[in-house]
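Working notes for the structure below.
Below, read A as the first sequence line, B as the second, and so on, with proteins coming before strands; counting in each chain starts at 1. Excluded from the calculations below are hydrogen atoms, water molecules and symmetry mates; all remaining heavy atoms, backbone and side chain alike, are included. Computed from a prediction, not measured in an experiment: that's the story for all the values here.
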Number of protein chains: 2
Amino acid sequence: MGLRERKKQETRAALSWAAIRLIVARGYDKVLVEDIATEAGVSPRTFNNYFGSKAEAVASRHLDRIHRMADALRERPAGEPLWDALPPAMIEQFRPGPEVTSQPRPDREEWVAGLRLMMAVPAIQAETLRAGAMAQSALAAAIGARTGTDPDNEMYPNLVAATVLAALEVANTGFMLTKQPLDGLIREALRQISAGLPPPQQ
Amino acid sequence: MGLRERKKQETRAALSWAAIRLIVARGYDKVLVEDIATEAGVSPRTFNNYFGSKAEAVASRHLDRIHRMADALRERPAGEPLWDALPPAMIEQFRPGPEVTSQPRPDREEWVAGLRLMMAVPAIQAETLRAGAMAQSALAAAIGARTGTDPDNEMYPNLVAATVLAALEVANTGFMLTKQPLDGLIREALRQISAGLPPPQQ
DNA sequence: CAGAAAATTGCGGGTCCCGCATATTTGCGG
DNA sequence: CCGCAAATATGCGGGACCCGCAATTTTCTG
């Protein structure tokens with residue numbers, strides 16, 4: 001990857017992160033595209049070269065995370081069973097990066113409250129889900145590679161990918177509502193799925 | 001439900017159906033809100049009283065379908081195991097209604113091609129997925145009622161609902177790509193999930 | 001049938017999103 | 001090291017969207 005490509009990724013990440021920070025702080029409709037562009041040091045027109053909407057900019061962080069999950073899954077030990085490899089590959093990707101830890105950390109409560117409000121915006125929910133759907137094929141490819149199945153001709157890897165993302169979404173929602181640790185929720189969701197989701201005690 | 005409520009539902013359905021028909025025929029960005037409103041016999045402003053965007057109007061059909069799935073699930077025989085009740089409750093909801101069969105049926109190939117194009121529009125993908133997420137809680141409630149679990153305090157019914165919708169989505173995609181019958185794809189997806197999605201032959 | 005409640009409509013304006021043309025930056029070969 | 005070609009950033013303009021608000025019409029209720 002040349003310097004050109006690298007810089008593009010940086011701009012993209014800067015825009016996405018700026019969008020999230022501003023929207024969490026101020027609320028979705030009190031942030032204009034112009035604000036985000038200024039914060040990231042580019043022109044408003046350039047924002048729309050990278051993202052088709054504010055919501056897409058926000059969701060792109062989620063998109064990247066899932067792509068990293070797919071990569072992480074490929075790099076798990078070769079012999080490891082699929083359902084053992086999945087939890088760590090997923091949970092890893094939630095460690096906060098430098099752009100978070102470097103900043104003067106805002107009040108935790110305030111941040112989560114702002115996050116909740118942001119995720120309540122219809123357009124953001126929609127784009128976040130779409131980001132998942134976009135990355136689903138990458139995840140399916142990684143799963144296919146692990147299990148010797150072909151995503152283009154078999155349902156299996158696609159179904160696992162879709163299901164895993166559904167689990168992630170349920171865990172995320174649970175985290176927002178109950179504040180239980182996210183990693184525990186993810187592990188529990190995957191456990192139930194790999195057990196075939198049997199109805200309790202019957 | 002009074003006459004008032006009924007009429008609102010009719011208008012809503014008329015708008016959604018008009019949006020779909022026009023967009024499938026002409027393409028997403030060659031259909032204005034004004035066109036849809038005219039087709040349904042209301043003013044453009046009224047369109048936005050019902051839907052926040054063109055995409056939401058399109059997706060509302062999906063939303064209704066999932067709500068009907070939840071209702072159908074509640075009406076399955078009492079003793080029937082959950083994973084036996086799900087496939088028929090879901091598949092039922094794809095029978096074409098009168099608004100489809102009454103119209104002079106357009107060319108089948110052309111229709112599917114238009115549908116594919118419509119579903120390729122990012123905004124429509126996003127809103128369709130969000131419609132699923134919206135109806136997910138209704139589905140979870142129905143599942144909770146069947147299995148004696150509480151969606152507010154337990155992960156199980158929410159996880160099943162999310163997973164079932166993921167299966168539906170994979171089946172739908174498979175249908176779009178391969179033209180295999182949808183009901184078979186749904187049954188197969190649910191079967192694999194209830195079996196715990198084991199990797200093949202190992 | 002009259003009054004209240006609800007739905008429809010028109011208008012106005014801020015924002016978005018994109019096409020297009022231009023300017024600027026980057027990478028590359030000589 | 002230089003200048004050319006490709007990629008990227010920017011400015012401008014306009015069509016469409018989306019929503020608040022207030023006025024009008026329709027529907028329900030007693």
Side-chain angles (χ1 to χ4, degrees), chain A residues 1-20 22-23 26-60 117-118 120-128 130-131, chain B residues 1-16 18-20 22-23 26-60 117-118 120-128 130-131 134:
Chain A
M1 184 195 322
L3 185 147
R4 217 166 207 162
E5 191 65 17
R6 173 178 267 46
K7 203 150 193 211
K8 254 181 37 168
Q9 294 311 317
E10 276 169 26
T11 301
R12 188 182 167 83
L15 281 169
S16 175
W17 182 234
I20 293 173
L22 291 175
I23 290 175
R26 277 190 235 161
Y28 185 72
D29 39 10
K30 292 189 178 168
V31 176
L32 306 186
V33 166
E34 187 186 344
D35 302 328
I36 301 170
T38 300
E39 183 84 2
V42 298
S43 77
R45 181 62 182 85
T46 294
F47 174 89
N48 274 337
N49 287 344
Y50 283 87
F51 300 109
S53 66
K54 280 189 284 178
E56 190 183 329
V58 171
S60 95
L117 278 182
M118 181 176 81
V121 175
I124 297 218
Q125 292 177 2
E127 279 302 319
T128 301
R130 188 173 77 90
Chain B
M1 183 194 320
L3 184 148
R4 217 172 208 156
E5 192 65 19
R6 175 178 272 28
K7 204 154 191 210
K8 255 181 38 169
Q9 294 312 317
E10 276 169 27
T11 302
R12 189 182 167 82
L15 281 169
S16 175
I20 293 174
L22 290 176
I23 291 175
R26 278 192 237 161
Y28 184 72
D29 39 9
K30 290 189 178 169
V31 176
L32 307 186
V33 167
E34 188 186 344
D35 302 329
I36 301 170
T38 300
E39 183 85 3
V42 298
S43 77
R45 182 62 182 86
T46 294
F47 174 89
N48 274 339
N49 288 344
Y50 283 87
F51 300 109
S53 66
K54 279 189 285 179
E56 190 183 328
V58 171
S60 95
L117 277 182
M118 181 177 81
V121 175
I124 297 218
Q125 292 178 1
E127 280 302 319
T128 301
R130 187 172 78 90
M134 294 291 96

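- Without hydrogens or angle criteria, A/Ser16 side chain to A/Arg12 main chain gives no donor-acceptor distance under 3.5 Å.
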Is there a side-chain contact (heavy atoms from CB on, under 4.5 Å) between B/Val58 and B/Glu127 once you walk through the steps?
CA-CA 8 Å; B/Val58 171; B/Glu127 280 302 319; over 6 Å; no
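- Between the CG atom of B/Asp29 and the P atom of D/dA16 there is a distance of 11 Å, rounded to whole Å.
- When rounded to the nearest whole Å, the span between CZ of B/Phe51 and P of D/dC18 equals 13 Å.
- With hydrogens and angles left out, the side chain of A/Arg45 and the base of D/dG13 share no donor-acceptor pair within 3.5 Å.
- At distances below 3.5 Å, at least one donor-acceptor pair connects side-chain atoms of A/Lys54 with backbone N or O atoms of A/Val31.
- Protein atom CZ of A/Arg6 is 18 Å distant from nucleotide atom C1' of C/dT25, rounded to whole Å.
- Here A/Thr46 reaches the OP1 or OP2 of D/dT10: one of its side-chain N or O atoms lies under 4.0 Å away.
- Toward the 5′ end of DNA chain D lies the nearest nucleotide of B/Ser53, the other residue of the pair B/Lys7 and B/Ser53 mapping further downstream.
- Rounded to whole Å, atom C1' of C/dT9 lies 14 Å from atom CG of B/Leu15.
- With C/dC17, D/dG11, C/dA7 as the choices, the nucleotide that has an atom nearest any side-chain atom of B/Tyr50 turns out to be C/dA7.
- Nucleotides of DNA chain C nearest to B/Pro44 and B/Lys8 differ in position, and the one nearer the 5' end is that of B/Lys8.
- Contacts of A/Asn49 with the nucleic acid, taken as non-hydrogen atoms under 4.0 Å apart, include base atoms.
- Atom CD of A/Glu56 and atom P of C/dC16 are 15 Å apart (whole Å).
- In this structure, the nucleotide among D/dC17, C/dT8, D/dC18 sitting nearest to the side chain of B/Leu32 is D/dC17.
- Between C/dT8, C/dT26, D/dC17, one nucleotide has an atom nearer to the side chain of B/Lys54 than all others, and that is D/dC17.
- Of the charged side-chain nitrogens involved, none lies within less than 4.0 Å of a carboxylate oxygen, so that A/Glu10 and A/Lys7 do not count as a salt-bridged pair.
- The distance from atom CD of A/Glu127 to atom P of C/dC16 is 15 Å, rounded to the nearest whole Å.
- Here D/dT8 presents its C1' atom at 12 Å from CD of A/Glu5, a figure rounded to the nearest Å.
- With distances taken from any side-chain atom of A/Asn48 to the nucleotides C/dC18, C/dT26, D/dC18, the minimum falls on C/dC18.
- Without hydrogens or angle criteria, B/Asn48 side chain to B/Arg45 main chain gives no donor-acceptor distance under 3.5 Å.
- As rounded to whole Å, 15 Å separates atom C1' of C/dA7 from atom CD of B/Glu10.
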